[in-house]
Amino acid sequence: MLYSKLLLPTLKEAPQEAEIISHKLMLRAGMIRKVASGIYTWLPLGLRVLKKIENIVREEMDSSGAQEIFMPMVHPKELWEETKRWEKMGPELLRIKDRHERDFCLGPTHEEVITDIIRNNVKSYKELPLNLYQIQTKFRDEVRPRYGIMRGREFLMKDSYSFNIDEDSLQESYLTMRETYKKVLNRIGLKYKISAADSGAIGGDSSEEFHVLADNGEDTIAISDSSEFAINTDLLLKKDENINSLEGKPSPDGNGVIKIKKGIEVGHIFKLGKLYAESMKANVLNSDGKASTLFMGCYGIGISRLVAASIEQNFDEKGIIWPHNIAPFDINIISIGHHKDKKIASAATELYEQLTKMNYSVLLDDRKDGYGTKIKDSELIGIPLNIIIGKNYIENKEVELLARNGQSSKNAINDIKTILDFFKNQ
RNA sequence: CGGGAUGUAGCGCAGCCUGGUAGCGCACUACACUGGGGGUGUAGUGGUCGUCGGUUCAAAUCCGGCCAUCCCGACCA
């Protein structure tokens, strides 16, 4: 991609509407623009990151054996009445009417729709277990949207639903999803904790949250300093206690002492049991030929929120630092004097084509600006590797490699292997 | 929904107290120079001052309603 052709409106200063770092940087880096409170357009750079995360999630879901489907975002009132949620849910459920005055809502989650599909199309325990997922825009009319994409009203989420004949099978599906989420977060390259959680409005038997650790996190979790144990402090606090009183106490799992950490909830997995299946009469015939209520699990991971969470965990005073696997571009070629010196322009273009052919995603900064402007933008948008072509090329066919983490070296321009080794070792 | 605040050019801000018809920095356009850390000069573009109403000879400025946005709380991937 040529920088000069890319819609990438970077800002030197953050708009005053932004408070936290990820929101400021996403605006400054030209990733998103606000349309209304909690509702955003994703610009090309932001969308690239969003798609990278989406694809990682999709690949891991597919390899876990789940199947992708796509459900509507507009749901008829009748389905939501079956589970009593039409009444139970407050104004966060955005209700609308069609031209015939029929009631609908924008789907904040999809238990009703998926359960309806399953009860109508699955008849025997032999067809189970099933795990179906979708990647879709959800709408929740939050009381107070905030922090940009982090708590928007419209957001991109992967939600999946498992259907099982019994509790043991549900447990298996649940653990498979738990492993899948670990793989997703490991691939993205984020530090996280899995903590026991309150199952909240969605209900059900038990649930765990996946928290990306970041100082700006909205959730507070208590972790053990010497084991994997973690728990949302909401579940640990007695009514008169404050969070600080937990610090240093013995960990509930018996290993070490409690440390308090801030986290961003990016995933939540639930064992729902028969909760929705019962009210919606979702049954299959079991091996005895008798109707048997399904056991369900549901598993959500916030794709758009992961973009913000990744920034909250990885940034510096210069801008965003993307983990390699979700960076919008792998490499930025900074061509200095691109419009003045044909030798530099053609060397930069040749390198660009060569790397692109090798399946790297490459940005070529061919703008008429000076080095300062180009490197500042590159650091703001967080490209892992800069290859700088300028006077060193003219003098002795060398380029400078400058990684986003600060490491640098000089290399012969035709020594692609060493350049790529430098990239991979970051 | 309770508490707090803000709204003037794409972004950051000044002007408002003390009314006289809008300004600064950045960005943007043209040209020239510059070209390895947001460079320099010259000349420009861009605003019904959130909105509606009131007061006044005159309103960005004073008064009132509304709207939007943000922050803190109660709720959530």
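Order of the sequence lines sets the chain letters (A, B, ...), proteins ahead of strands, with each chain counted from 1.
You'll find the side chain of A:Ile301 reaches within 4.5 Å of the side chain of A:Tyr181, heavy atoms only.
B:rG53 is paired with B:rC63 under the Watson-Crick or G-U wobble criterion, all donor-acceptor distances under 3.5 Å. With a 3.5 Å ceiling on both atom-pair distances, the Watson-Crick or G-U wobble partner of B:rA30 is B:rU42. In this structure, B:rG12 and B:rC24 make a Watson-Crick or G-U wobble pair, each of the two defining distances being under 3.5 angstrom. Partner assigned to B:rC17 is none, using Watson-Crick or G-U wobble distances below 3.5 angstrom. Both distances falling under 3.5 Å, in either a Watson-Crick or a G-U wobble arrangement, place B:rA5 opposite B:rU69. Searching all strands for a Watson-Crick or G-U wobble partner of B:rG35 with both distances below 3.5 Å returns nothing. Nucleotide B:rC75: unpaired (no Watson-Crick or G-U wobble partner with both distances less than 3.5 Å).
Across all strands shown, A:Glu395 has no heavy atoms under 4.0 Å from either base or sugar-phosphate atoms. When heavy atoms are screened at a 4.0 angstrom cut-off, A:Ala18 is found touching no nucleic acid atom at all. Counting non-hydrogen atoms under 4.0 angstrom, A:Glu92 reaches nothing in the nucleic acid. Looking at heavy-atom distances under 4.0 Å, A:Lys34 makes contact with sugar-phosphate atoms alone, never a base. Among the heavy atoms of the strands, none lies under 4.0 Å from A:Gly30. Contacts of A:Ile344 with the nucleic acid, taken as non-hydrogen atoms under 4.0 Å apart, are absent. The residue A:Thr373 sits close to a base: some heavy atom pair falls under 4.0 Å. Nucleic acid contact for A:Val266: sugar-phosphate only, since backbone atoms but no base atoms lie under 4.0 Å from a heavy atom of the residue. Residue contacts shown for A:Gly90 are absent, as no nucleic acid heavy atom lies under 4.0 Å away. Contact annotation for A:Asp377: base contact, defined as any heavy-atom pair under 4.0 Å involving a base atom. Residue contacts for A:Tyr147: at a heavy-atom cut-off of 4.0 Å it reaches the sugar-phosphate backbone alone, with no base atom in range. Using a 4.0 Å heavy-atom cutoff across all strands shown, A:Asp369 reaches at least one base atom of the nucleic acid.
In plain terms, the two heavy atoms of A:His268 and A:Glu208 that are nearest each other are CD2-O, 3.2 Å. Taking every heavy atom of both residues into account, A:Ala277 and A:Leu294 meet most closely at CB-O, 3.2 Å. Closest non-hydrogen pair, A:Phe163 versus A:Leu128, comes out as O-CD2, 3.8 Å.
Taking the C1' atom of each, B:rG19 and B:rU61 are spaced 6 Å apart, rounded to whole Å. For the P atom pair drawn from B:rU21 and B:rC16, the interatomic distance equals 14 Å after rounding to whole Å. Taking atom P on both B:rC17 and B:rC26, the two are 29 Å apart, rounded to the nearest angstrom. The separation of B:rU6 from B:rG44, taken at their C1' atoms, amounts to 33 Å, rounded to a whole angstrom. B:rG64 and B:rA74 have their P atoms separated by 32 Å, given to the nearest Å. Across B:rA59 and B:rG50, the matching C1' atoms stand 16 Å from one another, rounded to whole Å. Spacing of C1' atoms, B:rA60 relative to B:rU51, comes out at 14 Å, to the nearest Å. Spacing of P atoms, B:rG3 relative to B:rA77, comes out at 28 Å, to the nearest Å.
One atom, CZ of A:Arg146, and another, P of B:rG4, lie 18 Å apart when rounded to the nearest Å. At whole-Å resolution of the value, CG in A:Leu27 and C1' in B:rU69 are 13 Å apart. Distance CD (A:Glu209) to P (B:rA77): 7 Å, rounded to an integer number of Å. At whole-Å resolution of the value, CD1 in A:Ile39 and P in B:rC70 are 11 Å apart. Rounded to whole Å, the distance from CD on A:Glu13 to P on B:rC11 is 12 Å. Put simply, NZ on A:Lys24 is 16 Å from P on B:rC11, counting in whole angstrom units. Following rounding to the nearest Å, A:Ile336 (CD1) and B:rG39 (P) show an atom-to-atom distance of 14 Å. Distance NZ (A:Lys12) to P (B:rG38): 9 Å, rounded to an integer number of Å.
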Walk me through it: do A:Ser335 and A:Asp366 pass the test side-chain hydrogen bond (donor to acceptor under 3.5 Å, both in side chains)? CA-CA 6 Å; A:Ser335 183; A:Asp366 58 338; over 6 Å; no

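Centroid-to-centroid, the aromatic rings of A:His324 and A:Phe423 come within less than 6.0 Å.
Under the rule for a side chain to side chain donor-acceptor pair (under 3.5 Å), the partners of A:Asn216 that lie at least two apart in sequence or sit in another chain are A:Glu312.
Two residues, A:His23 and A:Ile301, neighbour RNA chain B, and the one matched to the more 5' nucleotide by heavy-atom proximity is A:His23. Between A:Gly302 and A:Val399, the residue whose closest nucleotide on RNA chain B is further toward the 5' end is A:Val399.
Of the possible donor and acceptor atoms, one in the side chain of A:Arg305 sits under 3.5 Å from a partner among the backbone N and O of A:Met150.
Residues A:Ser409 and A:Asn411 have side chains that bring a donor and an acceptor to within less than 3.5 angstrom of each other.
The aromatic ring of A:Tyr371 does not sit over the base of B:rG37; the criterion of centres under 5.5 Å apart with planes under 30° is not met.
For A:Arg144 and B:rC72, the shortest distance from a side-chain N or O to OP1 or OP2 is below 4.0 Å.
Candidate nucleotides B:rC75, B:rU69, B:rU6 were compared by shortest atom distance to the side chain of A:Ala36, and B:rU69 ranks first. You'll find that the side chain of A:Glu379 is closest to B:rG37, out of B:rC1, B:rA77, B:rG37.
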